[in-house]
Amino acid sequence: MASTPSYARLVEVRHMSRKTIKVKVFRFNPAKDKEPTYKTYEVPKLSHDEAQAKVSIMGEHRAQTILDVLEYIYQNLDHTLSYYATCRRGECRACGVLVNGKAILSCLAKASVRVDAKGEMTIEPLPNIQVVKDLIVKRYSDRELFSNARTRALNLLKESYKQARSVE
Amino acid sequence: MCNEGIALEAGLMAHFNLGGIKMNEKCETNIRGLYAAGECTGGTLGANRMSGTALSECLVHGAISGKYAGEYAQKAQAAEIDAKQLENIRDRVFQPLKRKEGVQPIEYTKRIRELAARTVSPVRNGSDLEKGIEDVERMKTKESPMLYTEAKDTIYNLEWIEAIQAVNLLQMLEILLRSGLYRTETRGGHYRMDYPMTNNDDWLKNVIVKRVGKEMQLTAHPVVITRIKPPAGKLPWPAPRHMPDWLK
């Protein structure tokens with residue numbers, strides 16, 4: 001789980017000398033756009049000390065994560081980007097995104113590994129769920145899923161029938 | 001482990017909040033119908049909380065405040081809403097979306113954080129706190145009303161959330177600075193270099209911050225002592241006088 005696959009190590013070596021990563025991000029604003037678009041950003045590779053979302057998995061060294069990439073884009077390049085992350089340590093499972101076609105947690109996945117053969121990265125929201133904005137997908141609250149509104153409405157209807165019959 | 005030469009990495013994080021909303025034993029605040037519980041309240045754990053009391057505080061307050069809030073809710077009437085106040089709040093909240101240029105919220109929050117690190121760090125002194133208050137006053141009047149966002153829509157607009165939160169963050173920093181300056185002693189988590197002793201003669205008091213009009217009013221109220229009286233006089237901050245051998 002924590003060790004990098006062998007093809008990723010090859011990719012890492014080949015693109016080690018480059019200073020930036022080309023990141024293609026899925027953008028969709030339901031208020032304005034009819035169809036989603038992709039925007040490209042050049043994100044610098046952060047060193048061990050500069051990585052904001054400090055991560056140490058199973059004793060491995062801290063490295064720039066996908067969440068670091070998204071935060072860099074939001075804070076420095078494009079303030080209109082929307083993304084979601086809560087615990088930033090892999091516990092809450094809320095920061096899931098699709099990177100190069102693979103669903104990962106953005107707070108844990110390392111950016112140096114998640115580049116394709118050309119050295120670029122594509123970030124999209126999780127598939128098969130309604131997209132609320134950019135990388136954020138629809139999450140149902142307990143109230144929406146487990147509400148007893150239907151039961152209460154039916155009970156009210158039954159009571160009104162009973163009252164109508166008792167009057168007669 | 002330190003003896004073997006293995007280094008331990010330590011980092012800063014926000015772990016607990018000392019002080020907070022004033023409440024009574026029923027978890028009622030001074031606003032009728034508003035109850036406060038847990039870490040956002042002040043006064044239960046004194047000047048410095050003990051380990052293990054944070055979660056217990058949340059559980060105990062949760063039960064008490066839930067019970068009394070429920071009792072109040074059963075008898076409460078819906079309050080009348082002041083339309084003018086609502087309109088003012090609405091204008092203030094939506095202003096960053098309408099403004100075309102001004103202060104960037106992300107960079108503004110960074111500056112507030114840097115100011116907090118300089119002035120209200122664990123070791124404080126009076127001159128830093130005074131300078132901090134001057135800076136905060138300037139930011140409050142000149143820069144907070146000028147916040148604007150690049151994205152103008154209301155769907156998951158992270159920049160807009162930061163613009164609203166930055167104003168509240170600045171208000172919290174102002175409360176911290178003013179109450180830190182007001183208390184001219186060291187007690188628990190509040191260590192002042194210009195007043196390094198704990199003053200049990202003059203300062204067995206709670207500092208309460210209240211908004212009066214547009215200003216902050218600070219008052220000191222003597223603490224109610226029921227069972228154990230703290231020792232009188234000026235005492236040093238409880239720290240070891242000499243470095244222990246294993247740390248040398």
Side-chain angles (χ1 to χ4, degrees), chain A residues 25-34 36-37 39 41 48-57 59-63 67-68 70-89 91 94-95 97 106 125-126 129-139 141, chain B residues 1 4-16 39 54-55 58 62 66 93-117 143-144 146-167 169:
Chain A
V25 181
F26 179 100
R27 303 299 306 272
F28 177 62
N29 187 345
K32 287 193 210 152
D33 307 331
K34 290 209 178 120
T37 53
K39 277 219 183 103
Y41 307 97
H48 175 89
D49 294 321
E50 289 168 326
Q52 291 170 40
K54 309 274 188 236
V55 148
S56 169
I57 321 166
E60 283 182 33
H61 292 296
R62 285 192 307 238
L67 186 60
D68 282 331
L70 290 173
E71 293 201 323
Y72 184 86
I73 298 172
Y74 167 66
Q75 288 179 2
N76 301 309
L77 301 174
D78 186 353
H79 300 311
T80 62
L81 177 66
S82 293
Y83 61 95
Y84 191 64
T86 320
C87 74
R88 287 148 208 264
R89 23 189 267 188
E91 278 188 59
C95 55
V97 285
S106 67
L126 291 175
I129 319 180
Q130 174 199 346
V131 176
V132 170
K133 174 122 182 272
D134 294 346
L135 300 172
I136 297 167
V137 293
K138 169 82 178 157
R139 283 195 165 82
S141 64
Chain B
M1 262 172 106
E4 293 166 15
I6 300 171
L8 288 174
E9 189 179 358
L12 292 173
M13 63 171 274
H15 188 51
F16 187 79
E39 214 177 296
L55 283 176
C58 298
V93 160
F94 279 89
Q95 202 201 31
L97 294 178
K98 296 186 188 140
R99 191 174 273 286
K100 300 251 162 53
E101 55 183 13
V103 179
Q104 234 295 318
I106 297 168
E107 175 256 342
Y108 190 52
T109 314
K110 268 193 198 152
R111 273 194 285 136
I112 295 174
R113 290 210 177 108
E114 280 164 12
L115 180 63
E143 302 194 37
S144 277
M146 303 286 292
L147 288 168
Y148 84 109
T149 61
E150 220 174 277
K152 300 295 178 195
D153 59 281
T154 54
I155 304 174
Y156 233 100
N157 192 338
L158 294 178
E159 220 188 344
W160 186 31
I161 297 174
E162 278 218 54
I164 300 170
Q165 283 182 342
V167 178
L169 206 62

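Just so it is clear: chains get the letters A, B, ... in the order the sequence lines come, proteins before strands, and each one is counted from 1. The structure presented is a predicted model; accordingly, all values stated were derived computationally and were not measured.
- Heavy-atom distances place no part of B/Glu107 under 4.5 Å from chain A, backbone and side chain included.
- Here A/Asp78 contributes atom CG and B/Glu159 contributes atom CD; the two are 9.0 Å apart, rounded to the nearest 0.5 Å.
- Atom CZ of A/Arg139 has more than 12 neighbouring heavy atoms from other residues, nucleotides or ligands inside a 6.0 Å radius.
- Distance check: A/Lys32 NZ to B/Asp153 CG gives 5.0 Å after rounding to the nearest 0.5 Å.
- The line from CG of B/Leu158 to CG of A/Asp134 is 9.0 Å long, rounded to the nearest 0.5 Å.
- One finds the CD atom of B/Glu162 at 7.0 Å from the CD atom of A/Gln75 (value rounded to the nearest 0.5 Å).
- Looking at A/Tyr84, only its side chain comes within 4.5 Å of chain B, counting heavy atoms on both sides.
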